[in-house]
Amino acid sequence: MSLSLFSLEGKIALITGSGQGIGLAMAEGLSEAGAHVVLNGRDKGKLETARAAIANSGRKVSISAFDVTEQAVVEAAIATIEAEVGPIDILINNAGTQKRAPFTEFPAEDWHDLINTNLHSVFYVTQAVTKRMVPRGRGKIVNIGSVMSELGRPTIVPYTATKGAVKMMTRGLAAELGKHNIQTNAIGPGYIVTELNKALIADETFSGWVKSRTPAGRWGETKELVGAAIFLSSAASDYVNGHLLMVDGGLTSVV
Ligand code: GCO
C-alpha cells in the first residue's frame, strides 16, 4: 500500500526546462514513476533527443517547445497540451538560468533576463495551468527554488532574489490554492553538477569550498533530486503544502 502512494500512473506532468540537467532528470524520474511527461524547452532538437530516449524505454512522453517567458505563447501552449495530451496534473516549474557578476557591475539586461526566466515564467505557466486545475479540484505544483532561496553569497544577488521570490510564491500559492486540493511546494537544490555550475566545478577553490561547506562533503547529482520530485508530485504529499524541501546534502542546516 505505502509504495503505491508514490505512483504517478495515469498522471500528466509538465516539466519546464526539461531538455537537459535537473529538469530532464526529474522528467525521467516522473516517467519511471508512471507519469506521461511533457518535456519543455526552447531547443526542439534537445527535446526530441530527450523524448526519444524516454520513449525507447517504453514510457509515455510528449514534447512542447515554447518560451516560458512569453505569456501569450505560454497560454497557447498550455491550451494545446491540455487539448492534445490531456489535463495537466503536475507542473514542475524548473526553467531557470544563472548569471554571476559583482552587484555594482551587474548589467541591467542580465537582471531583467534572470527575473524573466526565473520568476515571470513561474507566474505565466502556473497561472495558465492552475486556472484549469481549480475547476478539476486537484493538482500538484512543484517549484524549483534553491539553497539561495534562504542564503546569499557574493556575485549572484539577482539570482538569489528570484529564488527567494520563488519560495514566497510557493507559500502564497499554497495559501490560495490549497482549498482546491492543489498542493504547491518547492525543491531547493544544493550544489548540483549541472551545466549552469560548470564554471564553479572547474574552479578548484570554489569546489573545495562547496565540499567543506556541505556536510555530505561532495557536489550532488541531478538524479538525487528525483526522489523529492516524485514525492511532491504524488499522493504521498497530499497533506504537504507550502513546503521548501532542501536537497542540499545538509548545507542549509549548518554554518
Ligand atoms: C552559485 C550556484 C548556486 C547553486 C544553485 C543551487 O552560483 O552559487 O549556481 O546558485 O548551484 O542555487 O540551487
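Start at 1 and go down the list; that is how both ligands and their atoms are numbered.
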Enumerate, one pair per line, all nitrogen or oxygen atoms of ligand 1 lying under 3.5 Å from a protein nitrogen or oxygen, stating the separation to 0.1 Å; write 'none' if no such pair exists.
unit_1   : atom_1 : unit_2 : atom_2 : d
ligand 1 : 7 (O)  : Q98    : NE2    : 3.4
ligand 1 : 7 (O)  : R100   : NE     : 2.6
ligand 1 : 7 (O)  : R100   : NH2    : 3.4
ligand 1 : 7 (O)  : R153   : NH2    : 2.9
ligand 1 : 8 (O)  : R153   : NE     : 2.5
ligand 1 : 8 (O)  : R153   : NH2    : 3.3
ligand 1 : 8 (O)  : Y191   : OH     : 2.7
ligand 1 : 9 (O)  : Q98    : NE2    : 3.1
ligand 1 : 9 (O)  : R100   : NH2    : 3.0
ligand 1 : 9 (O)  : N197   : OD1    : 2.9
ligand 1 : 10 (O) : Q98    : NE2    : 3.2
ligand 1 : 11 (O) : N197   : OD1    : 3.2
ligand 1 : 11 (O) : N197   : ND2    : 2.9
ligand 1 : 12 (O) : S146   : OG     : 2.6
ligand 1 : 12 (O) : Y159   : OH     : 3.1
ligand 1 : 13 (O) : S146   : OG     : 2.7
ligand 1 : 13 (O) : P189   : O      : 2.7

Verdict with supporting geometry, T69 and N116, side chain to side chain donor-acceptor pair (under 3.5 Å): CA-CA 6 Å; T69 67; N116 256 335; 5.5 Å; no
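Between D89 and the options K11, R138, H36, K140, a side chain to side chain donor-acceptor pair (under 3.5 Å) holds for only R138. Partner of N93 under the side chain to side chain donor-acceptor pair (under 3.5 Å) criterion, chosen from T170, T126, T16: T126.
Every side chain to side chain donor-acceptor pair (under 3.5 Å) that K198 has, sequence neighbours left out, goes to E195.
Electrostatic pairing of R132 and E75 counts as a salt bridge here, judged by a charged N lying under 4.0 Å from a carboxylate O.
Ring centroids of F206 and Y191 are separated by less than 6.0 Å, placing the two rings close together.
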